[in-house]
Amino acid sequence: MLWSRLFIPTLRENPTEAEVVSHQLLLRAGYIRQLGAGIYNYLYLAQRSLLKIQEIVRQEMDQIGGQEFYLPALNPAEVWQESGRYDVMGDNMFRLKDRFGRPLCLGMTHEEVMTAIARGELRSYKQLPQIWYQIQTKFRDEPRPKSGLLRVRQFIMKDSYSFDLAPEGLDVSYEKHRVAYCRIFDRCGLEYVAVEAHSGAMGGSQSQEFMVATSAGEDYVVTCRQTGYSANLEKAVSRPVPPAAPDPEGDLAPEEIHTPGQKTIEEVSAFLGVPSTSLMKSLVLVAGETTYVAVLRGDHQLSETKFQSATGCPEFRPAHPEEMRQLLGADAGSLGPVGVKGVKILIDSALEGRRNMISGANKDDYHLRNVTPGEDFQAEFHDLRQVAEGDTEIETGAPLEILKTVEIGHIFKLGYKYSHSMGLNVLDHNGVETPVIMGSYGIGIERVLCAAVELYSDGNGMSLPVSIAPFEVVLTPVKSADATLREAADKLYAELKQAGVDVLYDDRDLSPGVKFKDADLIGVPFRVNIGKKLASGMVELVNRRTKESTDVPVAGAAAAIQSAIAAARPD
RNA sequence: CGGGGCGUGGCUCAGCCUGGUUAGAGCGCCUGGUUCGGGACCAGGAGGCCGGUGGUUCAAAUCCACUCGCCCCGACCA
């Protein structure tokens, strides 16, 4: 392609609305332009790159026997009503009406539509297993679109669905996807971790997320370099840092201490001269009809997800001040588990075996010392705490890291949710109707691009992996007006095109600095400078990422470029 | 939905508080010329009903009200 003929609107300055690196660079490099909040135009460079990502996805999905479909984004409401998700999705789903007033919606994902196809057509176990996928536009009315292409209202997703007769079959389909996803992300040149994920409101037994560590992310992941342990923060478990001081010995009875005006853990800890690890924190939470007191070590945070799992109730809220006073007889700063009646107490397992700690006294401005779980109050132990910085791996005690990440893919054992709600059954070997077991598996196509930009950029711009860069190499005659350089560049361009290389020829009549800056900005992995060294028969091959430059003879340049590209290819 | 910020040529911003010539700058763009190894230089030029509506005023980019849009923090997020 001749750069002079292309629409690559690069910007010298960062547009103000862009905050995260990938957003800034995709705008500056002329990949994308914004149309509205969370709605973007993908220009030529973005489209080239996204198509390459999609092609890798397609190849790997086909490799595991996936069959590509293309389903409507515009869905009748009925399908979603059948599964119950028409209500569950709430405001996150775009809804509209046709001219006759019939309700329609824009698909956020396609479990319903796929299941609707399957239940009409799959009749026998002999037709299973199936893996169906599509690469298609999804719509989500995000409450807050942000971070450029990372959180948008319209995006491209590869979504696949597996249909199996039995759980063992689902295990196989799931594993096939896991392997395919690793190949896809490897081929896209990403560094990622696959983590155990919380299955969420979707139900289902097992799920893993593929995450890329970046400060632009919104999800937290806990990993251990030594053991390879990794899990979403929502689900992660760990060994907490040990208490900063030993518990007082002996079988002591609770005793009130006057703590005027000391409400927060920090205040009480400072006032009493006792580390926060010796305090118990009591939270009053209302889940559905039931009120709970959750007890945690002073320095620990409640994991909302774990609390939800412990109570089996998906929704909960902190109790209102009046409720706390009514139930426990004190305000938030002085609550504790001792003497509590009619409220279920859940206590975090980190407090198992602890003795003679400090808690609120359920009396304003008073705390209790010498409180021992199991003796001074009865409670159910549960894992309730969120993993914190400094915690260690639960089995080995190896150090853990908490990473900020962006989710690029998710594989999920759905189970029978849709088969049951939508009636997807087949006849088994014995002629008995059996529900089909499903899996669902997604990849955010734009997020793969964003993650690559976040991962690989420097002060001059992006530096994409060769497999997903819009071009593999850019040819830069250094002095535009020089006919000799131009002839050599023309020739090399023809050779590379002939060889099937994705080559961008910067034939613009611009000063070299501008061409270099632009090439660096748009992230093409290799650049060939055709300049003064041509006099001695050489051109320079520059690696965008490493900035290494090697002189190669013009005569063999095309071959040298091809082997450099091949060597850089992640797959 | 709560809190904060911003809307002025394509981009980045000044001007607004304290109303008053023809609304500015840098970058980009167009023409001609000189240049050519990391965002060149000279000369000339085009381009803006100041987000919208209504109000106050002799007079509004500037003050007031409403409204729309965008960004950030939080809530939310299969």
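Chain letters run A, B, ... following the sequence lines, proteins first, then strands; residues in each count from 1. Keep in mind it's a predicted model, so treat the numbers as computed, not measured.
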- request: Between B:C49 and B:A23, how far apart are the P atoms? Round to whole Å, please.
  value: 11 Å
Check your understanding: If you measure from the C1' atom in B:G15 to the same atom in B:C73, how many Å do you get, rounded?
Key -> 30 Å
A:Glu112-A:Asn75 side chain donor-acceptor pair, cut-off 3.5 Å: no
Contacts of A:Lys517 and A:Thr109 projected onto RNA chain B by closest heavy atom; the upstream (5') one is A:Lys517
Between protein and nucleotides 26-28 of chain B, what N or O pairs are separated by less than 3.5 Å?
{"residue": "B:G26", "atom": "N2", "partner": "A:Glu13", "partner atom": "OE1", "Å": "3.2"}
{"residue": "B:C27", "atom": "O3'", "partner": "A:Arg12", "partner atom": "NH2", "Å": "3.4"}
{"residue": "B:C27", "atom": "O2'", "partner": "A:Arg12", "partner atom": "NE", "Å": "3.3"}
{"residue": "B:G28", "atom": "OP1", "partner": "A:Arg12", "partner atom": "NH2", "Å": "3.2"}

If pairing means Watson-Crick or G-U wobble with both distances under 3.5 Å, then the partner of B:G32 is B:C42
What residues 534-550 of chain A contributes to the RNA chain B interface at heavy-atom separation below 4.0 Å is A:Glu540
Just checking, A:Arg95 and A:Tyr86: is the charged tip under 6.0 Å from the six-membered ring centre and within 45° of the axis? yes
Quick one: does A:Arg527 reach the base of B:G38 with a side-chain donor-acceptor pair under 3.5 Å? yes
Rounded to whole Å, CZ of A:Arg486 lies from P of B:C36 at a distance of 16 Å
Please determine whether a side-chain nitrogen of the Lys or Arg among A:Glu82 and A:Arg119 lies less than 4.0 Å from a carboxylate oxygen of the Asp or Glu. yes
**Asked** Has A:Ser511 got a side-chain N or O lying under 4.0 Å from the OP1 or OP2 atom of B:A40?
**Response** yes
Next on the checklist: Give me the distance, rounded to whole Å, that separates B:G55 from B:U62 when you measure between the C1' atoms they each carry.
Outcome noted: 15 Å
Pair A:Asp520 + A:Arg527: basic N to acidic O under 4.0 Å: yes
Regarding A:Tyr456 and A:Arg544, is there a side-chain donor-to-acceptor distance under 3.5 Å anywhere? no
*asked:* Assess, by modelled atom type and distance only, whether the side chains of A:Ser22 and A:Tyr31 contain a donor and an acceptor separated by less than 3.5 Å.
replied: no
Does the pair A:Glu323/A:Arg317 count as a salt bridge with the N-to-O cut at 4.0 Å?
yes
Exercise for the section: Using the P atom on both, measure B:C27 against B:U21 and round to a whole Å. Expected result: 28 Å
Of A:Asn14 and A:Ile530, the one whose nearest nucleotide on RNA chain B sits closer to the 5' end is A:Asn14
Taking B:G38, B:C36, B:G37 as options, the one with an atom nearest any side-chain atom of A:Asp520 is B:G38
One should read off an interatomic distance between A:Arg486 CZ and A:Asp490 CG, to the nearest 0.5 angstrom, of 6.5 Å
Interface polar pairs with nucleotides 71-75 of chain B, N/O, under 3.5 angstrom:
{"residue": "B:C71", "atom": "OP1", "partner": "A:Gln34", "partner atom": "NE2", "Å": "2.9"}
{"residue": "B:C72", "atom": "OP1", "partner": "A:Ser147", "partner atom": "N", "Å": "3.4"}
{"residue": "B:C73", "atom": "OP2", "partner": "A:Arg144", "partner atom": "NH1", "Å": "3.1"}
{"residue": "B:C73", "atom": "OP2", "partner": "A:Arg144", "partner atom": "NH2", "Å": "2.7"}

request  = Give A:Arg153 one of three labels, base, sugar-phosphate or nothing, depending on what nucleic acid heavy atoms sit under 4.0 Å from its own.
outcome  = nothing
- Query: Under a 4.5 Å cut-off applied to non-hydrogen side-chain atoms, are A:Leu170 and A:Met438 in contact?
  - Reply: no
Problem - Atom P, compared across B:G10 and B:G51: separation rounded to whole Å - result: 13 Å
Original post:
Is it true that A:Glu218 and A:Lys146 make a salt bridge, defined as a side-chain N closer than 4.0 Å to a carboxylate O?
Top reply: yes
Between CZ of A:Phe516 and C1' of B:A40 the distance, given in whole Å, is 14 Å
Looking at A:Met324, I'd like to know if its CE atom is crowded, meaning that more than 12 non-hydrogen atoms belonging to other residues, nucleotides or ligands lie closer than 6.0 Å.
yes
Mate of B:A75 across any strand shown (Watson-Crick or G-U wobble, both atom pairs under 3.5 Å) is none
message = Could you tell me if A:Arg447 sits above the aromatic ring of A:Phe155, with its cationic atom closer than 6.0 Å to the ring centre and no more than 45 degrees from the axis?
response = no
Regarding the side chain of A:Val514, the nearest nucleotide among B:C36, B:G39, B:G37 is B:G39
